K.L.:
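Take a look at this one; I'll ask things after.
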Amino acid sequence: MRHTTRTAVMLCAALGLTAAVGSASAVPAASTPTARTAAVRQATAPVLVDCLWHAKVRPGDFILACGDGNSRLVSLHWDSWGAKSARATGVNVVNDCDPYCAAGAFHPYAVVVKLDRPQPWKKNPRVQHYSRITLTYLGDRPEQFGRVVSYPLWN
């Protein structure tokens, strides 16, 4: 019993020391000029708010049709992400809903994505979020879509 108690005390002490050393070593790194500059730059750029109200910066994918997932952006490669707008290329995967959405097939369409119109985010008004998304289809597009379509984004 004495050996078990001593082992438990030593493990707790070691874990406490590890936590203290780990948090102490993380503090100086966050205060370096490079880390501060990156944090300021990230704080000033707007975010893209997803269906679950998570703020995203340069996401690789994004659901456009939150209710059913029948339209989403995938393979996004961001050329820019700035204070006024962001631009990416990617693929819009859209369900043709033929004969109905549950039995439909998804089709990929190459697009250029533009985000703009930053506004304060209702969840956190100190954070700007892009409030409009514009898709420009580079070739084929869904039958019912124009070559350029814009949608308001939720906030």
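None of the values given here were measured: they were computed from a predicted structure.
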K.L.:
Ignoring hydrogens and angles, tell me if any N or O in the side chain of S75 forms a donor-acceptor pair with the backbone of V91 under 3.5 Å.
P.N.:
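Between the backbone of V91 and the side chain of S75 there is no qualifying donor-acceptor contact (under 3.5 Å).
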K.L.:
Examine distances only and state if a side-chain atom of W78 and a backbone atom of P59 form a donor-acceptor pair shorter than 3.5 Å.
P.N.:
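Yes, because the side chain of W78 sits within donor-acceptor range (under 3.5 Å) of the backbone of P59.
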K.L.:
Side chains of H107 and V94: closer than 4.5 Å at any heavy-atom pair?
P.N.:
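H107 vs V94: side chains apart.
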K.L.:
In this structure, would W154 and I133 fall into the same cluster of hydrophobic residues linked by side-chain contacts under 4.5 Å?
P.N.:
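In one cluster: yes.
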K.L.:
Going only through I, L, V, M, F, W and Y residues with side-chain contacts under 4.5 Å, is there a path from L138 to V113?
P.N.:
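In one cluster: no.
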K.L.:
Below 4.5 Å, heavy atoms only, C-beta onward: do P120 and R126 meet side chain to side chain?
P.N.:
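A side-chain contact is absent here, since even the closest heavy-atom pair is not under 4.5 Å.
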K.L.:
Check D96 against G104 and note the closest heavy-atom contact, atom names and distance.
P.N.:
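Result for this residue pair: OD1-CA, 3.4 Å.
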K.L.:
Do T136 and R147 touch side chain to side chain, with heavy atoms closer than 4.5 Å?
P.N.:
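Answer yes - side chains close enough.
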K.L.:
Looking at N92 and R72, would you say the former's side chain and the latter's main chain have a donor-acceptor pair under 3.5 Å?
P.N.:
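Answer holds: yes.
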K.L.:
Any side-chain heavy atom of L135 within less than 4.5 Å of one from F145?
P.N.:
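The answer is no; the side chains never approach within 4.5 Å.
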K.L.:
Any side-chain donor paired with an acceptor under 3.5 Å for S71 and N95?
P.N.:
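No, no side-chain donor-acceptor contact under 3.5 Å.
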K.L.:
Is the shortest heavy-atom distance from the side chain of V112 to the side chain of R87 under 4.5 Å?
P.N.:
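Touching, per the 4.5 Å side-chain cut-off.
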K.L.:
Using 0.5 Å steps for rounding, measure from the NZ atom of K114 to the CZ atom of R117.
P.N.:
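Here the interatomic distance stands at 9.5 Å.
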K.L.:
Check whether Y109 and Y151 end up in the same hydrophobic cluster, where Ile, Leu, Val, Met, Phe, Trp and Tyr are linked by side-chain heavy atoms less than 4.5 Å apart.
P.N.:
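Yes, same cluster.
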K.L.:
When rounded to the nearest 0.5 angstrom, what is the spacing between NE2 in H54 and NZ in K123?
P.N.:
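One finds 6.0 Å between NE2 of H54 and NZ of K123.
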K.L.:
Counting only heavy atoms from other residues, nucleotides and ligands, does the tally under 6.0 Å from CG of D79 exceed 12?
P.N.:
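Yes - once you tally the heavy atoms of other residues, nucleotides and ligands closer than 6.0 Å, there are more than 12.
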K.L.:
Does any part of the side chain of Y137, heavy atoms only, come nearer than 4.5 Å to the side chain of P142, both counted from C-beta?
P.N.:
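With C-beta onward as the side chain, the pair touches.
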K.L.:
Return the CZ to CG distance between R58 and L115, rounded to the nearest 0.5 Å.
P.N.:
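Spacing of CZ (R58) from CG (L115) equals 11.0 Å.
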K.L.:
Could you give the distance from CG (L64) to CG (L73), rounded to the nearest 0.5 Å?
P.N.:
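Atom-to-atom, L64:CG and L73:CG are 4.0 Å apart.
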K.L.:
Heavy-atom count check: over 12 atoms from other residues, nucleotides or ligands less than 6.0 Å from Q144 CD?
P.N.:
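Yes, because the 6.0 Å sphere around CD of Q144 holds more than 12 heavy atoms from other groups.
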K.L.:
In Å and rounded to the nearest 0.5 Å, what is the CG to CZ distance from L153 to F62?
P.N.:
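So the CG of L153 and the CZ of F62 are separated by 5.5 Å.
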K.L.:
For residues L76 and A88, report the shortest heavy-atom separation together with the two atoms involved.
P.N.:
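Scanning both residues completely, I find the closest heavy atoms to be CD2-CB, 4.4 Å.
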K.L.:
Mind checking whether V47 and Y130 have side chains closer than 4.5 Å, heavy atoms only?
P.N.:
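Not in contact.
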K.L.:
Hydrophobic cluster mates of I63, side-chain heavy atoms under 4.5 angstrom, ILVMFWY only, any path?
P.N.:
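The other cluster members (ILVMFWY side chains, heavy atoms under 4.5 Å, direct or chained): none.
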K.L.:
Between CD of Q128 and NZ of K84, what distance do you get to the nearest 0.5 Å?
P.N.:
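The CD atom of Q128 sits 10.0 Å away from the NZ atom of K84.
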K.L.:
Are any side-chain N or O atoms of W121 and backbone N or O atoms of P46, one a donor and one an acceptor, separated by less than 3.5 Å?
P.N.:
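No, because the side chain of W121 does not come within donor-acceptor range (under 3.5 Å) of the backbone of P46.
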